[in-house]
Amino acid sequence: MASHSKSSQKTLHVGCPNIGDRQRFFDLVSGVFDRRWLSNDGRLVKELETQIARRLGVRNCIAVSSGTAGLDIAARALNMRGEVILPSFTFIGTAHALAWQHIKPVFCDIDPATHNLDPAKVEALITGRTNGIIGVHLWGRACAPDALAAVARRHGLPLLFDAAHAIDCTHGGRYIGSFGDAEVFSFHATKVFNTAEGGAITTNNDALAERLRQMRNFGFEGYDHVVELGTNGKMSELSAALGLANLESLDRFIAVNRRNYQQYRQELDGIPGVELVPYDDAERNNYQYVMVLIDAKATGGLDRDGVMSSLHACDILARRYFWPGCHRMEPYASLYPEAGVGLRLTERIAARIMALPNGETVDEQDIKRICSLIRSLVENRITS
Ligand SMILES: Cc1ncc(COP(=O)(O)O)c(C=O)c1O
């Protein structure tokens, strides 16, 4: 995806896939073909689950076919129904996982400092119809796990985390993966660690893990005994092979991301109205998301969309993550036209933020090109 355009300028994408050792992947796939075992709890899926659980220090890891399938299954296994509180400032899949099973998503506003759910606002939204809370660790920054756990406990609600962005990230020194009742990772191609399509649910609750495993496989217990409604959310051996190869390179991917992020920080420093979203140096993060806020009041009127279209014209495909917020997308915009009233901070951040390219295909020269373009756009605007 780090392609070259007709002008031979490198096109830079947000979420261009990281790919580990190809030979290792081919060898693993060759073993899959030799065994003629392509799916259904194969050896590589089990190995990937074991390695991820060990890495994150969590008792159970259940690999699934996508992050969204993981959210579907986890919400159902936690008996979420009726209404569930979640942020609107997230990828649409978080909300769709609920609506797909006729659960009403109740959108809650964010804390502008963290871009994550504001626990006090969550608590204020709880009613007799509320049956759960989903926090999202946006950009891999932990979504107030302790405060949300306290709210969930006070009201007897299940707490699920969408950890799609948060592999290898910590909160209080503890890896994301064992907070709440369960957490769901995405291993989509755009994530720092990918299995092309895929994801995982992690939990320290063994009984819940057992249920999640059954639900992922049509509700089967054993060969021909179906104990409840399930779906097909299984990961294939080919995805697991890519996952095992990529996992061996994950430390390198993160080191590259971190170095790139630090360069972005230096090169964007001092540009009026351009603010890089920070990471807490005391925690681990995977630095996959280089998020920038544009304040048009300080750039001479140049707003996020203006910066973005100039970047796109130069083959730098920045992305408006997550604009305009789930509540302004269908079916939610039609179903809940008033939802935006309580989402003032979500709307403010969603209108100003964008993601810049990162990952192993992005190098020092690319970051210089991106940042000097942003600098000259703003400086020209201010002086014109
Ligand atoms: C915050 C968030 N939640 C859920 C998902 C859905 O994951 P998947 O694409 O693996 O279904 C994504 C990304 O794709 C995401 O960014």
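Order of appearance sets the numbers: ligands from 1, and atoms from 1 within every ligand. Both backbone and side-chain heavy atoms feed into the values below; hydrogens, waters and symmetry mates do not.
Every pair passing side chain to side chain donor-acceptor pair (under 3.5 Å) that includes a residue from residues 289-312 is listed here, sequence neighbours excluded: D305-R320.
Taking the side chain to side chain contact (heavy atoms under 4.5 Å, CB included) definition, one finds that A164 meets it with D162, S186, K191, sequence neighbours left out. Listed by chain and number, the residues in a side chain to side chain contact (heavy atoms under 4.5 Å, CB included) with R24 are D21, L28, A245, E248 (sequence neighbours excluded).
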Just list the N/O pairs, ligand 1 to protein, that are under 3.5 Å apart, with the distance for each.
unit_1: ligand 1; atom_1: 3 (N); unit_2: D162; atom_2: OD1; d: 3.3
unit_1: ligand 1; atom_1: 3 (N); unit_2: D162; atom_2: OD2; d: 2.6
unit_1: ligand 1; atom_1: 7 (O); unit_2: S186; atom_2: OG; d: 3.3
unit_1: ligand 1; atom_1: 10 (O); unit_2: G67; atom_2: N; d: 2.8
unit_1: ligand 1; atom_1: 10 (O); unit_2: S186; atom_2: OG; d: 2.7
unit_1: ligand 1; atom_1: 11 (O); unit_2: G67; atom_2: N; d: 3.3
unit_1: ligand 1; atom_1: 11 (O); unit_2: T68; atom_2: N; d: 2.9
unit_1: ligand 1; atom_1: 11 (O); unit_2: T68; atom_2: OG1; d: 2.6
unit_1: ligand 1; atom_1: 14 (O); unit_2: K191; atom_2: NZ; d: 3.0
unit_1: ligand 1; atom_1: 16 (O); unit_2: H165; atom_2: NE2; d: 2.8

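Rounding to the nearest 0.5 Å places CG of L12 at 8.0 Å from CG of D315.
Ion pairing between a basic and an acidic side chain is recognised when a charged N comes within 4.0 Å of a carboxylate O; E360 and R252 show such pairing. Comment: R375 does not engage E267 in a salt bridge, judged by the lack of any side-chain N to carboxylate O separation of less than 4.0 angstrom.
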